[in-house]
Amino acid sequence: MQITIKKAETLKQRPDSKKLGFGTFFTDHMFNMDYEKGKGWHSPRIEPYSSIEMAPSTMVLHYGQAVFEGLKAFRTESGKIQLFRPKDNLKRMNRSSKLLCIPAIDEKFVLDALKELIKIEKDWVPDEPGTSLYIRPTIIATDPFLGVRASYTYRFFIILCPVGAYYAEGFNPVKIWVTKEHVRAVRGGIGEAKTPGNYAASLYAAEDAHEKGYTQVLWLDGVLQKYVEEVGSMNIFFVINGEIITPMLNGSILPGITRDSVISLAKQWKIPVSERRISIEEVFSAHENGKLEEVFGTGTAAVISPVGEIKYTDKILSINSGKVGVLSQKFFNALTDIQYGKIQDSAGWIEVVL
Ligand code: COI
């Protein structure tokens, strides 16, 4: 397939790289491609960033049949632009799509298209420390139809967004609240897919957490409400007595790429790391015994987010005196050093764009 390119006639004023925040500014162009049953994916094109016109009956608006991804491009000190583990994101997108009955994309073709788009938008990749170009590939169901079934037509698009820190706290420890009232997902559902419904399902509890003065929700499993699953829009790690523990992927947890990177780095550094079930009681008793050393979240948007406080029922844990832990800092430094090209990528995670 040949990608057609239509350039924008006027370019937007680019935002100040020191005041980006997260998710507010979008570049001049986007990538689009359509799917039709019997025809497959077709009409790949890079064109000016614009609204998507759709009928009020469009299926995605009613039944949420959609998937998305989040990855980043970084500007290195020498001025190169590089992606972090893009193939893993596109692979995960296809796994999410399968659960949502969305047709697969050609991962190699889409990666090449993404690189083309970034080359056109290269001036939008910010260079302030801690900034990057956040990439949001998305697929939505586009049939104008109200019956409940998988759509026959889809739109795939990629939009780009220069970003700074995801949380207002930046790299400072966040406070999280363990909810007993809400659950995010159950095994056999779509918890492991990156699909809008999972995020919609998180909003009510997130508002509750904010009202109580907490930044994020820590989710327990949807059946017993006993085992830790994930936190807000991140995976979660505990450091107990020198061992790094993260909940194993069980079908209802998002298989995070930063999660996987942290596990790989820990193995490389010969730090004991295990993926297993961990109950909230275990976390609390480790704290009581003075063995809970650190807690941190991982995600593309936030990278590493240290946790300074956890509230569960009427109990409050202060972790590492609310300060950034040694391992949280070490993982943050290692990941960002690889992403910004300050150290050699020995794992093949980096894909240079230009
Ligand atoms: C990410 O970390 O990329 C996410 O998708 C989390 C959130 C911004 C939805």
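Residue numbers run from 1 in the order of the sequence given. We count ligands from 1, going down the list as the structure has it; atoms in each ligand are counted the same way. The structure presented is a predicted model; accordingly, all values stated were derived computationally and were not measured.
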A.B. asks: Given Tyr35, which of Phe157, Phe156, Trp41 fulfils the ring pair (Phe, Tyr, Trp, His ring centres under 6.0 Å) condition?
C.D. replies: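 Going through Phe157, Phe156, Trp41 one by one, the ring pair (Phe, Tyr, Trp, His ring centres under 6.0 Å) with Tyr35 is satisfied by Trp41 alone.
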
A.B. asks: Dump all N/O pairs between ligand 1 and the protein below 3.5 Å as a table: atom names plus distance, one pair per row.
C.D. replies:
from	atom 1	to	atom 2	distance (Å)
ligand 1	2 (O)	Thr300	N	3.2
ligand 1	2 (O)	Ala301	N	2.8
ligand 1	3 (O)	Tyr134	OH	2.6
ligand 1	5 (O)	Tyr134	OH	3.3
ligand 1	5 (O)	Lys194	NZ	2.7

A.B. asks: Once salt bridge (Lys or Arg N to Asp or Glu O under 4.0 Å) is applied, what residue pairs with a partner in residues 337-354 remain, sequence neighbours excluded?
C.D. replies: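 Residue pairs passing salt bridge (Lys or Arg N to Asp or Glu O under 4.0 Å), neighbours aside: Lys87-Glu351, Lys115-Glu351.
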
A.B. asks: Under the side chain to side chain donor-acceptor pair (under 3.5 Å) test against Asp34, which residue among His42, Lys39, Arg155 passes?
C.D. replies: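 With Asp34 as partner, side chain to side chain donor-acceptor pair (under 3.5 Å) holds for just one option, Arg155.
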
A.B. asks: Walk me through it: do Trp269 and Phe331 pass the test side chain to side chain contact (heavy atoms under 4.5 Å, CB included)?
C.D. replies: CA-CA 11 Å; Trp269 297 339; Phe331 284 120; 3.4 Å; yes

A.B. asks: Does a salt bridge link Arg276 with Glu282, judged by any charged N lying under 4.0 Å from a carboxylate O?
C.D. replies: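 Result for this pair is yes, salt bridge flagged.
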
A.B. asks: Which heavy atom of Leu20 sits nearest a heavy atom of Pro15, and at what distance?
C.D. replies: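 Heavy atoms of Leu20 and Pro15 come nearest at CD2-CG, 3.6 Å.
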
